[in-house]
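To start, the structure itself, in structure tokens.
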Amino acid sequence: MIVNHPNRFLSIKWKLLIAVILILTLVGGVICTLAYQQLLNQQKMLLEAQRDKLAQSLSFSMSTAVEHSLQAAMQLGFVANAKGDDGAEGYQLLLSENWPDVQLYWDLKGFGLYQLNGERLAHAGEPHSQDDLQWLMQSEASYELTSRVVCVEDCVIQVLVPTLVNSKPHLFFFESALTEVISHFRTDKSIELAVLGAQSRGAEPGPLWGRHLYSISNRPSSFALLSHMADSYSWQQISLGEGIYSYQGSHWAVWSFPLDKVENAPAIVVLMSLEQWQQMLSTFQLGMVGTLLVGLILAAGLVLLVAWSPVVSLARHASLLPLLADHDFGSVRTSLPRKPSWFPDEVDLIHLATRQLADNMQGMENEVDEYTHELERLAMLDTLTGLPNKAMLHHELQTAIACIASEEDCVVLMFLDLDEFKRINDTLGHIQGDELLKIVAARLTNSVREMDTVFRQGGDEFLILLRQVRDEQEVSNVIHRIFSALQHPVVLGSHKLIVTTSIGLAYCNSSQLRAEELIQHADLAMYQAKSAGRSNYRVFSEEMLHQANNRLMIEQSIGAAINEEQLVLFLQPIVELPSGRLRGFEALIRWFHPERGLIMPGDFIPDIEHSEAIIEVGNYVIRKASELVAQLKSAGWSELYIAVNLSAKHFLAADLLNVVRQEVEAQQISAQSLLLEVTEESVIEQVEQAMAAMAALKALGVRIAIDDFGTGYSSLSYLKQLPFDLLKIDRCFTANVLDGEADAHIITTVIELAHNLGRQVVAEGIETQQQAECLSCQRCELGQGYYFSRPLDVASVFKVLQEIEETRLWPISQAPQPKLARQGANEIS
């Protein structure tokens, strides 16, 4: 199925262009990012180099200032000696006469000559404070040069130079301004300098990290930047000098260098503008973006130039595919180029393959058209008989129902199923079976009216649609002709057969009925005909549908009935004749449904006797009967047995022996306490399997009874081979034992037959004392029926057993009323 999305369509050429642009953009972006990152790393390296250069420059300037003081000391010594006095008086005389010249030449703010103990011998310029004398006393200037930077009113560099005066060690004390140091240090106009004093101890931090500003270059702009840095960053961050700071749209590098080696020394702060470098970065970014855009445009143009023609050709090819779907092969061949390009590519191969596909599809379509007509004819016919098949049946049936105009005009559907066809098919083989179906199909076709149609649904099932039926006589005539046609023998090879069929009829006089429902109705009627015997027919009624629904409900509910123990056993006593001594019970099942109430066996057993549910019910009854035997044993009635009725399907089930063995072992009872009853007909149908099952059960110790003897097709040859223990006379003979000689003679014969085989006899359905006495006179050992007791619940049975514990004689009740007698006659276990 092809789904069109016109609003989402995007040509492949634009997809290709977008893909190329995205790839180039991604690659260009990665390259630009790496280049930009490399540029930033280069900037960082250059800034680190600049910082190191500034640090070296500052160190060099400070060293130069110290060396300058050393040279001044040497010159002053020479001058003092030149005046003829190299003692302290000579220096004082020199300073008194020439101090302005000395101060100007050596850029000094103060000079002093001191002994090592701190006694001043000569002095000129700024007076020395007590802190200066203390530093002089603590220094080791007698051995080497010592210097420091001190900031009071302004910042100065102080140098102690050791010297010899009168062959004794003394100290020159030089004090110079930092102006010369800073002038040498500031070699670049992009650099601004600020000199800060030491951080105040114990005081609150000031606006400039708690330090006093002594001097600053370009104060109008630099001071604002310095204040911003002090407000935004700590002194430790500034000391590291690893960041780039932004201020009012400009970028700056800010470093601090200590002016002395002592802790908390005055410092010089360097403010370096990075605007030139930022302009280079911006120029680089714009250049990269421009280069990328130009590359993208050129690449997109190149892609379009190379791919435009193939893409357009593919687009044209895409428009041809719907023509193939519409079988317009001529237009497809016309639209395709007849010759490939000078340099064939995949697109040319696609065009060639499309042309070949169009040719092949047109050829196949012609063949399909030829076969379609043949298949349409065969799809509606049965290949074996040539009759219309199931698909044709639904079509014709729907048409016939739709054409019903009035209630007087109706449609009749006949559902036919051949009797015993499986046995014939298995015996003669499938080839002969198919031949039989052909003969039956021909006879059915000849038996219906011209307006009627015979269908074969499958297997041995045929359906006949009778149209425009005015009265039932027309249907009866068709049924009569069908039965008459099938009565003629069918010769298959050396075999001559008479085939019969069961027919179900369903009438339809409403156009609202669906074809499936009418087929279902006819099917139900056919199964009713099957149940009534061969060569029979039945007409569908609502009661049949009700029974079918009831059967379905029972099949669906029987599992829950077993799990929830809705099935309850009632017991009917079996006594000795004529003593009345209790010998056992027959277990009769009752279903106490939570919604429908009591359901008798005759209302649900027939509906499940051919399904697996009958085995589940049978196993349930065996389990409950075994539990009752154990209860009887505990109550002191170990000699009693319980008889359980088994269906033919259950009796021949593979796991019956294991179920019985498990229950006997679980309840710890004797296997002889269980009597399994099977009907004569179920045993004779599969006598070999039945004999094997009986032998296995007898080996376990279980006793077996043949139930309903005389009602089926008795076979004495099989009967004498079966290892059973009891023979039960059906109630239909017991009921008439006093009324006719025939039934009495039959009972006498059955009893003598059982005794000759070494078996005991149980008479069912004894309802009067006269019947019991008559059967006793004919030497019938055991009896059961309403004369002794109707089926009782377990609690009632144990109550009676308590009352007869000493005598062991079952109490004889009064003869039942006719209504009860009829109920007893219809009892189904």
Side-chain angles (χ1 to χ4, degrees), residues 568-590 600-601 621-622 624-646 669-670 672-677 703-708 725-731 734-735 737 760-776 779-817 820-829:
V568 179
L569 295 188
F570 276 54
L571 303 178
Q572 187 176 37
I574 301 174
V575 300
E576 283 186 348
L577 298 177
S579 65
R581 184 179 181 85
L582 179 64
R583 294 294 301 276
F585 297 95
E586 181 178 1
L588 304 173
I589 195 169
R590 302 289 186 267
M600 297 301 289
V621 174
I622 291 174
K624 290 299 180 180
S626 301
E627 295 175 358
L628 288 175
V629 170
Q631 295 179 22
L632 291 172
K633 179 181 177 182
S634 300
W637 294 86
S638 58
E639 72 276 12
L640 300 182
Y641 70 87
I642 293 183
V644 177
N645 289 278
L646 296 183
I669 60 175
S670 172
Q672 293 185 352
S673 300
L674 287 178
L675 178 67
L676 302 183
E677 298 183 1
R703 296 193 300 159
I704 300 173
I706 302 297
D707 196 11
D708 299 339
D725 298 278
L726 280 84
L727 196 64
K728 300 192 73 173
I729 300 175
D730 190 77
R731 58 172 52 87
T734 305
V737 68
Q760 290 184 330
V761 180
V762 180
E764 296 181 306
I766 300 176
E767 298 184 357
T768 64
Q769 182 179 357
Q770 291 78 9
Q771 292 174 347
E773 292 174 351
C774 178
L775 290 168
S776 177
R779 294 187 302 148
C780 179
E781 291 87 352
L782 302 171
Q784 70 179 97
Y786 274 23
Y787 171 67
F788 302 103
S789 175
R790 68 181 62 195
L792 302 175
D793 60 84
V794 175
S796 300
V797 167
F798 276 92
K799 182 178 180 181
V800 175
L801 292 180
Q802 289 179 354
E803 297 174 355
I804 64 171
E805 187 174 1
E806 295 183 0
T807 63
R808 305 275 169 161
L809 300 178
W810 186 265
I812 306 300
S813 63
Q814 298 295 323
Q817 299 297 325
L820 297 178
R822 288 195 297 273
Q823 291 178 348
N826 295 328
E827 187 76 56
I828 298 177
S829 60

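- Note that CG of Leu582 and CG of Leu640 are 5.0 Å apart. Values are rounded to the nearest 0.5 Å.
- Salt bridge annotation for Glu764-Arg731: absent, with no cationic side-chain nitrogen under 4.0 angstrom from a carboxylate oxygen.
- Note that CD1 of Ile642 and OG of Ser626 are 8.0 Å apart. Values are rounded to the nearest 0.5 Å.
- Note: Leu577 CG to Phe788 CZ = 5.0 Å, rounded to the nearest 0.5 Å.
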message = Is there a side chain to side chain contact (heavy atoms under 4.5 Å, CB included) between Leu801 and Leu632? Walk through the geometry before answering.
response = CA-CA 9 Å; Leu801 292 180; Leu632 291 172; 3.5 Å; yes
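- Atom CG of Leu588 and atom CG of Leu792 lie 10.0 Å apart (nearest 0.5 Å).
- Within the 4.5 Å cutoff, no side-chain heavy atoms of Tyr641 are placed close to those of Gln672.
- In this structure, Lys728 NZ and Thr734 OG1 are separated by 10.5 Å, a value rounded to the nearest 0.5 Å.
- At a threshold of 4.5 Å between non-hydrogen side-chain atoms, the residues Leu782 and Leu726 count as touching.
- By the 4.5 Å heavy-atom criterion applied to side chains, Lys633 and Ser673 are not counted as neighbours.
- In this structure the side chain of Arg590 reaches within 4.5 angstrom of the side chain of Met600, judged on heavy atoms.
- Minimum interatomic distance between Leu569 and Ala587 (heavy atoms only, all atoms of both residues): CD1-CB, 4.3 Å.
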message = Show, in sequence, the C-alpha distance, side-chain angles and deciding distance for Val800 and Trp810, and conclude whether the side chain to side chain contact (heavy atoms under 4.5 Å, CB included) test is met.
response = CA-CA 8 Å; Val800 175; Trp810 186 265; 3.6 Å; yes
ask   = Run the side chain to side chain contact (heavy atoms under 4.5 Å, CB included) check on Leu727 and Ile706 step by step: do they pass?
value = CA-CA 5 Å; Leu727 196 64; Ile706 302 297; 3.7 Å; yes
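- Side-chain atoms of Ser776 never come within 3.5 Å of backbone atoms of Ala772 as a donor-acceptor pair (strictly under, hydrogens ignored).
- Remark: the Gln771 side chain and the Glu767 side chain contain no N/O donor-acceptor pair separated by less than 3.5 Å.
- No side-chain donor-acceptor contact under 3.5 Å links Asp725 to the backbone of Ala705.
- Using a 4.5 Å heavy-atom threshold, the side chains of Val761 and Ile729 count as touching.
- With respect to the salt-bridge test (charged N to carboxylate O, under 4.0 angstrom), the residues Arg808 and Glu639 qualify.
- From Glu586, atom CD reaches atom CG of Leu675 across 9.0 Å, with rounding to the nearest 0.5 Å.
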inquiry  = Let's go through Tyr786 and Gln572 carefully: what are the C-alpha distance in whole Å and the side-chain angles of both, what is the deciding distance for side chain to side chain contact (heavy atoms under 4.5 Å, CB included) to 0.1 Å, and is it a yes or a no?
reply    = CA-CA 9 Å; Tyr786 274 23; Gln572 187 176 37; 3.7 Å; yes
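- The shortest heavy-atom contact between Ile804 and Trp637 is O-CH2, 3.7 Å.
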